[in-house]
Each structure stands twice: as C-alpha cells, then as structure tokens.
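Report on the structure given below.
From a predicted model like this one, the values you see are computed outputs, not experimental measurements. All heavy atoms count here, side chains included; hydrogens, waters and symmetry mates do not.
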There are 2 protein chains.
Amino acid sequence: MPYQDGKFGCPVDVGLSMISGKWKPRIIYELLQQTRRFGELHRLIPEVSRHVLTTQLRELEESDIVSRTVYPSSPPKVEYALTEFGKRIAPILEQMIELGEHYIAKQNQGERNE
Amino acid sequence: MPYQDGKFGCPVDVGLSMISGKWKPRIIYELLQQTRRFGELHRLIPEVSRHVLTTQLRELEESDIVSRTVYPSSPPKVEYALTEFGKRIAPILEQMIELGEHYIAKQNQGERNE
DNA sequence: CCGTATCCGGGCAGATACTG
DNA sequence: CAGTATCTGCCCGGATACGG
C-alpha cells in the first residue's frame with residue numbers, strides 16, 4: 001500500500017491545517033458551549049487581538065467549521081456558531097489533549113530520574 | 001466549565017504540536033508499515049532533506065512517538081520504529097483525513113455553483 | 001551511513017492605527 | 001460594534017557544506 005493511495009501522508013495535512021492555528025482550538029472550545037458574538041469571543045479570549053481573531057474566524061469559516069451570521073442592525077451584530085460539521089471536531093480535540101497529557105506525564109517521569 | 005479547567009484550549013496545542021510538522025504524518029505512515037533505517041526512510045520520502053528528516057525524527061522521538069535504536073556496527077546502522085504510544089496515533093490521522101475530505105468535497109460543491 | 005553546523009527565506013501571528 | 005490596512009518579528013523548514 002504505497003503512499004500515493006492517499007490513506008496517510010499529505011492528505012493528513014489538509015485536515016491538520018483546518019484546526020492548526022494558534023487560536024482555533026480555543027475558539028472551537030468557546031463556540032462549543034454556545035453561539036457567540038464577535039465581541040463576546042474577544043472578551044472570552046482577551047489575549048488575541050481583534051485582527052488575528054478575525055483572521056482565525058475567517059479560516060474556520062472557510063473550513064466549514066464555523067458559520068458567520070450578520071444581523072444588519074445598528075450597531076452591527078455578528079454571530080459565530082459551530083456548524084454541524086464543526087461540532088464533530090470536539091472528540092478529535094479531546095484526543096489531542098490525551099496526546100499532550102501523555103507527553104507531560106513522560107516529562108515528569110524524566111525529571112524524577114535526574 | 002471555564003477554559004482554565006484544561007479540557008480544551010491551550011492543552012490541545014501540546015498534542016497538536018506533537019503531530020504537526022511538515023513530514024511527521026508521512027513519517028508515521030511509513031513506520032506504521034514496518035521499522036525502517038534512516039536511509040530507507042529517506043528513500044521512501046525523497047522530497048525531504050536529511051537535515052529536516054533528522055529534525056522531525058528527533059522531535060517525534062522527544063514526543064515518545066518514535067524510538068531510535070543505534071547498532072554500533074561499521075557502517076553505522078540506525079533503526080526507527082513506532083512506539084506503542086505512536087501506534088495509537090494512527091486512528092487520529094485517519095480522522096484528520098476525514099476532515100480534509102470534507103473540505104475538499106465542499107470546495108468541489110462550491111465550484112459547481114459558479 | 002548517518003548525521004551536525006550554518007545560513008537563509010517565506011508565512012503566520014502580533015502591534016498599531018484607522019473605518020462603515 | 002465589528003471589523004480593515006499596514007508594518008514588523010519570529011520560527012520552521014529548506015539548501016548547502018562538513019564530520020565520525
């Protein structure tokens with residue numbers, strides 16, 4: 001089964017890039033609780049600038065993970081929500097955390113042996 | 001359930017970074033078939049330079065995904081294999097492919113509507 | 001055969017200022 | 001309120017040369 005059959009390798013990168021982005025997991029986490037307005041997201045994640053927050057949201061929208069709804073009112077109101085597809089990503093993020101926990105555990109183990 | 005409880009958000013990044021790297025999924029894929037020597041890996045993935053291949057392998061080793069065994073012979077012989085932990089990553093990569101396929105499908109859909 | 005040492009370029013994210 | 005426009009800095013991955 002060579003690489004070209006597409007099961008692994010390069011094909012992985014597409015999916016990986018969809019959730020790779022400094023604030024994307026965090027944004028998905030917040031939207032998993034409930035739909036949020038732009039300003040709400042910014043208050044929930046104050047470490048990120050509005051510029052970058054916008055960029056990450058646009059990329060998530062392009063990946064069909066997040067939906068963006070504009071209410072033409074004054075003042076303007078924009079709501080971000082997870083799509084049905086986006087909600088399916090939650091278990092994947094939990095698995096990522098498990099990977100990380102394994103790494104942390106191994107680090108602590110190594111420190112004890114010094 | 002605030003962000004600080006560690007279920008999502010920043011904690012995801014640790015696990016994500018363990019498999020994020022231009023050649024890491026590809027390397028894992030190759031090692032999933034069988035243990036390989038350095039030169040074999042390089043022949044299987046000729047697009048990557050030895051320098052970068054070394055770097056990625058070192059990082060995978062640091063993450064306990066890959067094990068490195070040196071046989072002190074002449075000429076030198078070094079074997080890379082997936083750890084038990086590394087083998088558990090396969091299903092995660094398959095899920096990444098599913099994410100990518102969803103994106104590709106959506107792209108094609110959009111093109112038809114132009 | 002299996003690397004290390006150095007240098008370099010592009011892309012992502014951050015800071016800051018401005019706008020419908 | 002919810003963005004855009006512009007500039008900047010840093011880190012990863014790549015190219016090349018050298019070493020045990």
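Look at CZ on B/Phe38: it is 15 Å from C1' on D/dG20, rounded to the nearest Å. Counting to the nearest Å, the P atom of C/dA13 and the NZ atom of A/Lys22 are 8 Å from each other. When rounded to the nearest whole Å, the span between CZ of B/Arg26 and C1' of D/dG13 equals 16 Å. Taking atom CH2 of A/Trp23 as the reference point, atom C1' of C/dA15 lies 14 Å away to the nearest angstrom. Across the protein-nucleic acid pair, B/Lys24 atom NZ and D/dC12 atom P stand 9 Å apart, rounded to whole Å. Summarising the geometry, the separation between CG on B/Asp13 and P on C/dA13 is reported as 11 Å, rounded to the nearest angstrom. A straight line from CD of A/Glu62 to P of C/dC12 spans 13 Å, rounded to a whole angstrom. If you take CD of A/Glu61 and P of D/dA2, they are 15 Å apart, rounded to a whole angstrom.
Along DNA chain C, the nucleotide nearest A/Val52 and the nucleotide nearest B/Pro75 are compared for position; the residue whose nucleotide lies closer to the 5' end is B/Pro75. Of the residues near DNA chain C, B/His51 and B/Glu40, the one whose nearest nucleotide (by heavy atom distance) lies more toward the 5' end is B/Glu40.
Ion pair A/Glu84/A/Lys87 flagged as a salt bridge, since at least one NZ, NE, NH1 or NH2 atom sits closer than 4.0 Å to an Asp/Glu carboxylate oxygen. Looking at A/Arg26 and A/Glu47, a side-chain N of the basic residue comes within less than 4.0 Å of a carboxylate O on the acidic one, giving a salt bridge. Remark: B/Arg58 does not engage B/Glu62 in a salt bridge, criterion side-chain N to carboxylate O under 4.0 Å.
Distances shorter than 4.0 Å separate some side-chain N or O of B/Arg37 from OP1 or OP2 on C/dC2. A/Tyr80 has no side-chain polar atom (N or O) that falls below the 4.0 Å cut-off from OP1 or OP2 of D/dC1. Contact between the side-chain N/O atoms of B/Arg50 and the OP1/OP2 oxygens of C/dA5 is not found at any separation under 4.0 Å. For D/dG3, the OP1/OP2 oxygens have a side-chain nitrogen or oxygen of A/Arg68 closer than 4.0 Å.
Listed nucleotides D/dC1, C/dC2, C/dT4 differ in distance to B/Arg58; the shortest reach to its side chain belongs to C/dT4. Closest to the side chain of B/Val48, out of D/dG14, D/dT4, D/dC1, is D/dG14. The A/Gln56 side chain lies nearest to C/dA13 when the options are C/dA13, D/dG14, D/dA2.
For the atom pair A/Arg37 CZ and A/Arg43 CZ, the distance stands at 8.5 Å (nearest 0.5 Å).
Residues B/Tyr80 and B/Arg36 bring no donor and acceptor atom of their side chains to less than 3.5 Å of each other.
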